[in-house]
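These notes are about the structure you will find just below.
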Amino acid sequence: MSQSGLTAAAQLYDQARQSLAGGVTAGLRWHPYLSRPFYASRAQGPYLYDLEGERYLDFNMANGAVLLGHGHPAVNEAVQAGLAAGILTASETEHHVRLATTLCRVIPCAERVRFAVTGTEAAMVAVRLARHVTGRRKLLTFAGHFHGLAEPFLFRPADQTGSGLPIPVSGGVPDTYGQDVVIVPWNDPDAFDHALTRHRGELAAVICEPVHYNAGCIPPQPGFLAYLRRRTQEEGIVLIFDEVLSGFRMALGGAQAYYGVTPDLCTLAKAVANGLPMAVLCGRADLMEQLSPGGPVAHSGTYSGQLLSVLAARATLEALEAPGVYEELGRRAERFYGELQSIFDRAGVPARVQGLGARFGLYFGRREPVVTWAEAVACDQALHRRFVLGCLRRGLYFHAYAGLPGHAGFSLAHDDDCLDEALTVIENVARELARQREA
Ligand SMILES: Cc1ncc(COP(=O)(O)O)c(C=O)c1O
């Protein structure tokens, strides 16, 4: 604590607001429960360190971008090699080809790949490709699924049925763009089917998060992904899986490998390069070959396939391909989520834990399974706030997104000891929450 009584973080935030719009470099980096961003000074393995050097066991892991752990040695070494090569922005190298070859081997839908910088960009290009190959304009999305901040994705449904015109969720997005967007509830085959019938011959693409991690963690109901696959094929619609969060999270081939349902196109980002900025668009060769220069669909970019990210991705995939990685990840996940749920149950705190692979959702105020976005947003935010602040005070970092369910996660650097440490802390927080509820 400084002499003025303000922490270093509060002082820095005061200063930030004089130059950074809103005091942050990304809107969702503002932590609603701290009323400022969390300022990190460094990160290592499963830990984040604040400005005063205090250590936090990290359960955000860069919004899911870091799966091997912060500062993974093989990734650091790969980036060093890129620096030594002269960074080589806007140049193709052998590493691009090798990374593409690996992705085509491990991602079921990937017959061709294209590198991009952000998940938003990859999703935008996927939709553009789908519009070109189908000659149609409309896009079907699912309520609450997040595909980045490009215009087609900045809408919410006007009503539960998906029949009203979607409403923009950002300033600067013309209402009229909503005419090309159809939004239906996730895990509801009847609503999906109804929308397909209503917009027959108009839909270019259906895009979804195959596991709805942006709502915490809502897996598809059994058979739902296969149903999307079958119906889109019947209607000549391009099926896009946005695997920006689900990619590599529970299987090397992502949710499409885990559930055995292959989309036409898929987007990857985040975990693919363990924290370096990198996204991938991949899919069927006949679709992907429509991209420039071979086809008429525009995609290029100065930083597409930036060498440091490509090398980081190669190192990341090599680490993820090591024998036993996903068995171990699955074992830790199952134990951690099971014990978390028991802690809340024992303490008498109403909370539901849902996780798959290395990411999970915590839903306060309910014990029943969460299967829709509406259920996820209706959870008890005040209790979530008390939980997150209680954890922060005891050295566990959970991020939060204002008004949104948010998601949490661990990494392969979170070994059993780390997870035990977290469970002990959470047990104390849960008891505190239970006492507050009684008072
Ligand atoms: C599922 C999903 N798709 C797309 C995006 C957008 O990715 P980016 O932030 O790299 O633009 C995100 C970001 O969180 C995401 O979770």
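Order of appearance sets the numbers: ligands from 1, and atoms from 1 within every ligand. The first residue of the sequence shown is numbered 1, and numbering continues consecutively from there. Since the structure is predicted, the reported quantities are computational estimates derived from the model, not experimental observations. Reckoned from all heavy atoms, side chains included, excluding hydrogens, waters and symmetry mates.
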Under a 3.5 Å threshold, yes or no: a donor from one side chain and an acceptor from the other, between [X] and [Y]?
X	Y	value
D242	H147	yes
D58	Y49	no
R17	Q15	no
R29	T25	yes

Exercise for the section: Quick one, list the residues around ligand 1 where some non-hydrogen atom comes in under 4.0 Å, by chain and residue number. Expected result: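 Only T118, G119, T120, F146, H147, G148, E209, N214, D242, V244, L245, K270 have heavy atoms that fall under 4.0 Å of ligand 1, ordered by chain and number.
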Handout entry: Residues E327, R331: salt bridge by 4.0 Å N-O rule
Key = no
Report, one line per pair, each donor and acceptor closer than 3.5 Å where one atom sits in a side chain of residues 74-89; sequence neighbours left out.
| from | atom 1 | to | atom 2 | distance (Å) |
| --- | --- | --- | --- | --- |
| N76 | ND2 | G71 | O | 3.3 |
| T89 | OG1 | Q306 | NE2 | 2.8 |

